[in-house]
Each structure stands twice: as C-alpha cells, then as structure tokens.
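Shown next, in structure tokens, is the structure this report addresses.
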Protein chains: 2
Amino acid sequence: MATNVRIPVGYDPRSFPPVAVTVDMVVLTIADGVLQVLLVERGAEPFEGSWALPGGFIHEDETLDDAARRELEEETGTQVAPYLQQFHTYGDPGRDPRMRVVTVAYLAVVPTVGDISAGTDARLAELVPLTRALKGTGRYRLAFDHRVILRDAVDQARALLETTSIATAFVDDPFTLSELRHVYEAVWGQALDPGNFRRKVLSTPGFVVATGRHARPGPEGGKPPELFHPGTITRLDPALHRA
Amino acid sequence: MATNVRIPVGYDPRSFPPVAVTVDMVVLTIADGVLQVLLVERGAEPFEGSWALPGGFIHEDETLDDAARRELEEETGTQVAPYLQQFHTYGDPGRDPRMRVVTVAYLAVVPTVGDISAGTDARLAELVPLTRALKGTGRYRLAFDHRVILRDAVDQARALLETTSIATAFVDDPFTLSELRHVYEAVWGQALDPGNFRRKVLSTPGFVVATGRHARPGPEGGKPPELFHPGTITRLDPALHRA
DNA sequence: CTAATAGTGTCTCTAAGACAGTATTCC
DNA sequence: GGAATACTGTCTTAGAGACACTATTAG
C-alpha cells in the first residue's frame with residue numbers, strides 16, 4: 001500500500017524501517033487510601049479481553065510532552081497534571097504484534113481523577129488498585145509489555161518520593177501533613193512515624209508552605225490539622241529516605 | 001515517492017505520520033584527568049561544519065539496547081561498555097530539519113576509548129573535553145539539540161555517581177581508591193577529602209572488593225596503594241552525597 | 001633528608017528513628 | 001469522661017566533614 005512518506009535528502013529509506021511512535025501513560029492517584037492506576041479496555045483485536053495503559057500515536061507538529069498532555073486530557077478530562085514526566089522508552093521488536101512500535105512512557109500523578117468516562121474515546125476506562133493491576137491474572141490482564149511498563153513506573157514513583165516533591169502532586173491544594181504522609185504510606189506500603197515525618201517535611205525548606213489556616217477534624221475527632229500549600233522546590237534536600 | 005510501508009490491521013495510516021527513530025549516544029570517559037565526550041563530524045549537509053553525538057537509525061529486529069550496543073561498537077570498537085543505559089527520549093518536531101526524528105538517547109561510560117578511528121564509518125571522531133563541547137561555540141559546535149542532550153546526560157551522570165556504582169565504569173579493573181576518587185572529582189568538578197572518601201567507599205558493602213594486591217606508586221612516590229575490583233552491587237546504600 | 005601519596009584516628013555536627021508527653025477535637 | 005488525631009520534646013545512634021596523624025614510597 002502506498003503512503004505519503006517522503007524520503008528526505010541524505011537518507012536511505014532502507015535505513016529507517018516503518019516505525020510508529022506512541023506515548024503511553026501511567027496515571028497514578030490515591031483513592032480509598034490505596035495506590036491506583038488508570039487502565040482502559042480496548043475492544044478490538046489483538047486487545048480482546050485485555051486492558052492497556054492509556055496512550056496513542058504522536059501527532060505531527062506536537063512535542064512528546066504535548067502528546068502526553070493531550071492523551072491525559074482525552075483520557076481523564078484533566079487539563080493539567082501536577083506531575084507529568086517521561087521515564088522510559090520501550091521498543092523491543094514484536095512487543096506489538098502488528099508492527100514496530102516505539103513507546104515513550106510517561107508517569108502522570110493526579111490528586112483525583114475527575115470523570116473517567118469523559119474521555120473522547122468510547123473505550124471503557126477504570127481506576128484499578130495497583131496490586132490487582134500488577135497481578136497479571138484475573139479481570140485486569142494487561143496487553144503487550146504494559147505490565148513491565150507499569151512496574152517500572154511504580155518503581156520510579158517510589159524512588160521519586162525520596163528525592164523530589166512529587167508527593168504533593170497526589171494531594172489537593174491545600175493539604176494536611178497527614179494527607180501527605182498517607183501518600184508516602186500508600187506508595188511505599190509502610191507506616192511512617194507521624195512526628196518524625198512532620199519534622200522532616202518542615203525541615204526541608206520549600207517543600208511545603210504553611211497557610212496559617214486549619215482544617216476541620218475528621219469524624220473521629222482530633223486536633224484540627226494545619227493546612228499547607230505545595231512548595232516551590234522540586235528537589236528534596238536532604239532527601240526523605242525510606243527505611 | 002512510494003515506499004514499502006505496510007499498513008497493519010486496525011491502524012489508520014494518518015494516525016502515524018512518518019517517523020524515524022534513532023539511538024544516539026553520549027559516550028563519557030576520563031582522559032588527562034578531565035571528563036571527555038566522544039563526538040563525530042558529519043560532512044554532509046545539514047551537518048556542515050558541526051559535530052554530533054554518535055548514533056544512527058534502529059534496525060528491524062533489534063531492541064533499543066542492542067542498537068545502542070551496535071552503535072557503540074561501530075563508533076569506538078568497544079564491544080562492551082561497563083555502563084550503557086537509556087536516559088531520555090527527544091522528539092520535538094523540527095529538531096532535525098529533514099524529517100520527524102525521535103531519538104532515544106543513551107549514556108555510555110567506558111574506562112578508555114580504544115582506537116577511535118576504528119569505526120566502520122569514514123566519519124571523523126574525536127574525544128573532546130566536556131567544557132569545550134558544552135561551550136557551543138568554536139570548533140565543536142553541536143548539531144540540532146545535541147547540546148541539550150549532552151547537558152542532560154552529564155546531569156544524569158553526576159546524579160548517578162551519588163546513588164549507583166557507575167563510578168567503577170570509568171576505571172580499569174583493578175583500580176585504586178585514588179583513581180576512583182579522581183572520577184568523582186572530574187565529574188563533579190570538586191575536590192574530595194581522600195580519607196573520608198576511602199571510609200565512605202569501604203563502608204558501603206559491595207561497592208568495591210579488595211584484591212589484596214598493591215600497585216606501584218607513581219613517579220612522585222608515595223605509599224603503594226591497594227588495588228580493588230568493582231563490586232557486585234549497582235545501588236549505593238548509603239548514598240555518596242555531594243557537598 | 002623532603003615531598004608526595006596512602007591510609008587511620010578522632011572530634012564535631014547533623015539528621016534519623018524511637019518513643020514519651022501535651023493539645024484539641026468528636027462522641 | 002475516653003478515644004482519636006495533631007503536634008512537641010528528648011534521647012540515642014549513624015553518618016558526614018574537618019583535620020591531625022602515621023606509613024611507605026621516589027628522588
């Protein structure tokens with residue numbers, strides 16, 4: 001089949017076999033106190049009965065970051081993710097049985113996923129607890145190498161919590177230090193000492209900014225917690241180490 | 001012009017405009033006590049008078065990592081780099097004026113560059129001090145966005161020195177702790193205390209392995225230094241922090 | 001001998017972790 | 001009042017950095 005591929009000066013067409021480039025996204029959020037990932041179900045073959053990370057082909061005249069932002073909005077209705085960064089590119093031949101596909105994978109972190117069904121596609125989208133998505137069996141079996149991509153993204157997120165302020169991307173503004181601590185506990189899967197956590201966060205200049213206001217205590221009571229805004233820094237120094 | 005691009009089932013050809021995928025490499029090494037990068041000169045337009053990072057199109061039926069290994073060997077004759085990892089993918093439209101090119105960038109670290117002219121290409125290759133390569137003017141003006149790629153790679157390398165054992169990739173096996181310290185000093189551009197450095201390295205289990213042997217002192221004299229092999233670990237815990 | 005490099009000892013300071021104690025709310 | 005959550009204080013320990021000191025070589 002003929003296409004409109006133009007062969008530029010100085011390039012031998014046989015040097016670059018047909019390659020499709022996609023941007024796929026691992027959208028992480030915390031719901032019900034558990035780390036969750038956004039998955040979509042694609043009806044058509046060869047996706048039959050399997051789920052996938054949201055994503056799609058890059059358009060002409062858009063950067064990779066723009067493509068990621070576009071896909072994110074198409075899928076979640078979210079205009080801006082507090083965190084959206086490329087983390088790895090996957091290009092094994094045969095990872096997509098139809099043709100050579102090179103996928104630039106992005107990690108997105110959002111505080112809440114609005115209306116999932118607001119996506120422009122008619123595809124079914126769901127927020128899935130990470131443990132179930134990584135299981136590899138049952139309802140949420142992942143297509144292609146998407147299970148590897150998801151695992152890599154979560155490893156990346158766990159590491160970024162130590163050295164960057166990515167945790168603030170999981171919570172709404174303003175937030176309490178308990179909410180911020182719950183982010184670390186959900187992603188790392190381990191409990192942290194509230195007192196020591198507070199001291200570490202507050203002793204890292206620029207991580208969070210006090211508002212002076214306080215939130216109402218929850219239904220269980222307790223002292224009204226102080227509210228904070230995200231800070232301006234992106235790199236934590238000193239880092240917040242895992243035990 | 002017609003090509004042999006086949007349109008697979010289920011894909012709309014207009015969804016994936018013609019994209020070429022290349023693997024480009026930032027090959028770092030230390031020579032004359034200074035961090036150096038391998039650059040190649042490409043004669044043909046639009047490279048006229050500018051230098052570039054070594055790299056090329058991916059082949060069918062090879063993984064991205066395999067493409068990187070192949071390019072490295074073509075360019076340096078080195079079969080195996082002690083460190084070779086993908087670090088970022090660049091795909092802005094217009095970054096290559098000829099067509100849409102998505103470049104997966106790799107960071108390679110080698111202890112010594114063998115015969116540079118051993119490359120299969122007839123292109124001229126040179127080891128260039130990083131400071132001159134990053135200057136952006138003079139003899140080694142870089143093509144396209146290669147200056148940005150180089151800067152990102154060096155930032156990455158500086159960060160990896162803190163948390164991984166990448167430093168051992170810069171030195172031959174076996175090595176002395178002074179040689180290892182010179183790696184940190186050259187890449188970070190700052191002097192380190194020899195005594196404290198030794199203690200930190202030896203207190204990180206698995207970073208280096210003592211051989212029991214000693215090297216001859218240099219022409220300036222001094223106590224014969226102990227020789228070490230690279231260790232088995234890849235992640236430094238605790239990390240080796242920069243001041 | 002001196003100069004240079006390799007390696008050790010020791011002191012101070014900072015940050016992490018354990019954990020007890022205080023403050024303020026809901027029920 | 002008791003239970004729960006939000007803080008604060010204090011003690012111990014580990015690691016980083018400064019820097020003095022010892023060991024072994026070349027010239």
Side-chain angles (χ1 to χ4, degrees), chain A residues 33 161-163 167 171 174-186 188 190-228 233 235-243, chain B residues 33 161-163 167 171 174-186 188-229 233 235-243:
Chain A
L161 279 184
E162 300 197 51
T163 54
V171 293
F175 53 86
T176 68
L177 293 189
S178 283
E179 289 166 350
L180 195 65
R181 179 166 45 84
H182 290 325
V183 170
Y184 280 88
E185 294 179 330
W188 283 351
Q190 84 188 198
L192 299 177
D193 181 277
N196 292 337
F197 179 81
R198 178 190 179 84
R199 195 161 2 149
K200 273 162 87 167
V201 168
L202 294 184
S203 71
T204 301
F207 190 4
V208 299
V209 179
T211 64
R213 303 197 324 258
H214 291 258
R216 305 232 47 88
E220 309 259 274
K223 188 172 173 177
E226 196 175 354
L227 285 168
F228 294 85
I233 60 154
R235 194 117 203 121
L236 297 190
D237 190 30
L240 223 152
H241 289 293
R242 240 185 301 185
Chain B
L161 279 184
E162 300 196 52
T163 54
V171 293
F175 54 87
T176 68
L177 293 190
S178 284
E179 289 166 350
L180 195 65
R181 179 165 44 83
H182 290 325
V183 170
Y184 280 88
E185 295 179 330
W188 284 351
Q190 85 188 198
L192 298 177
D193 181 276
N196 292 338
F197 180 81
R198 177 190 181 83
R199 197 164 0 154
K200 273 161 87 166
V201 169
L202 294 184
S203 70
T204 302
F207 190 5
V208 300
V209 178
T211 65
R213 304 198 322 263
H214 292 257
R216 304 232 48 87
E220 309 259 273
K223 187 173 173 176
E226 197 174 354
L227 286 167
F228 294 85
H229 295 304
I233 60 153
R235 194 116 205 122
L236 297 190
D237 189 31
L240 224 152
H241 290 292
R242 243 185 297 186

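This is a predicted model, so every value here is computed, not measured. Side chains are part of it too, since the values below use all heavy atoms of this structure and drop only hydrogens, waters and symmetry mates. Throughout, a chain's letter reflects where its sequence line sits, starting with A, and its residues are numbered from 1.
Here C:dA15 presents its P atom at 17 Å from CD of A:Glu162, a figure rounded to the nearest Å. Here C:dA6 presents its C1' atom at 10 Å from NE2 of B:His214, a figure rounded to the nearest Å. Rounded to whole Å, atom P of C:dA16 lies 16 Å from atom CZ of A:Arg181. Rounding to whole angstrom units, CZ of residue A:Phe175 and C1' of D:dA6 are separated by 16 Å. Atom NZ in B:Lys223 sits about 9 Å away from atom P in D:dT25, given to the nearest Å. Put simply, NE2 on A:His241 is 11 Å from P on C:dA15, counting in whole angstrom units. Atom CD in A:Glu226 sits roughly 16 Å away from atom C1' in C:dT25 (whole-Å rounding). Distance CD (A:Glu220) to C1' (D:dA6): 14 Å, rounded to an integer number of Å.
Sorted by residue number, the members of residues 189-208 of chain B with any non-hydrogen atom under 4.0 Å from DNA chain D read B:Asp193, B:Asn196, B:Arg199, B:Lys200.
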*Decide yes or no on side chain to side chain contact (heavy atoms under 4.5 Å, CB included) for B:Arg242 and B:Gln190, but give the supporting numbers first.*
CA-CA 9 Å; B:Arg242 243 185 297 186; B:Gln190 85 188 198; 4.1 Å; yes
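Two residues are said to be in side-chain contact when any heavy atoms from C-beta on lie closer than 4.5 Å; B:Phe175 and B:His182 fail this criterion. Between B:Tyr184 and B:Leu240 the shortest side-chain heavy-atom distance falls below 4.5 Å.
Comparing B:Gly222 and A:Phe228 by the nucleotide of DNA chain D that holds the closest heavy atom to each, the one mapping nearer the 5' end is A:Phe228.
Pairs passing the salt bridge (Lys or Arg N to Asp or Glu O under 4.0 Å) check and including a residue from residues 194-216 of chain B, sequence neighbours excluded, read B:Arg198-B:Glu226.
Residue contacts shown for B:Ala215 are absent, as no nucleic acid heavy atom lies under 4.0 Å away.
The side chain of A:Pro224 sits closest to C:dT25 out of C:dC27, D:dT25, C:dT25.
Applying the side-chain hydrogen bond (donor to acceptor under 3.5 Å, both in side chains) rule to B:Ser178 yields the partners B:Arg181; only residues at least two apart in sequence or on another chain are considered.
B:Thr204 contributes no side-chain N or O that, together with a main-chain N or O of B:Leu236, makes up a donor-acceptor pair within less than 3.5 Å.
Checking the phosphate oxygens (OP1, OP2) of C:dA6, a side-chain nitrogen or oxygen of B:Ser178 falls inside 4.0 Å.
Open room surrounds CZ on B:Arg235; 12 or fewer heavy atoms of other groups in view lie less than 6.0 Å from it.
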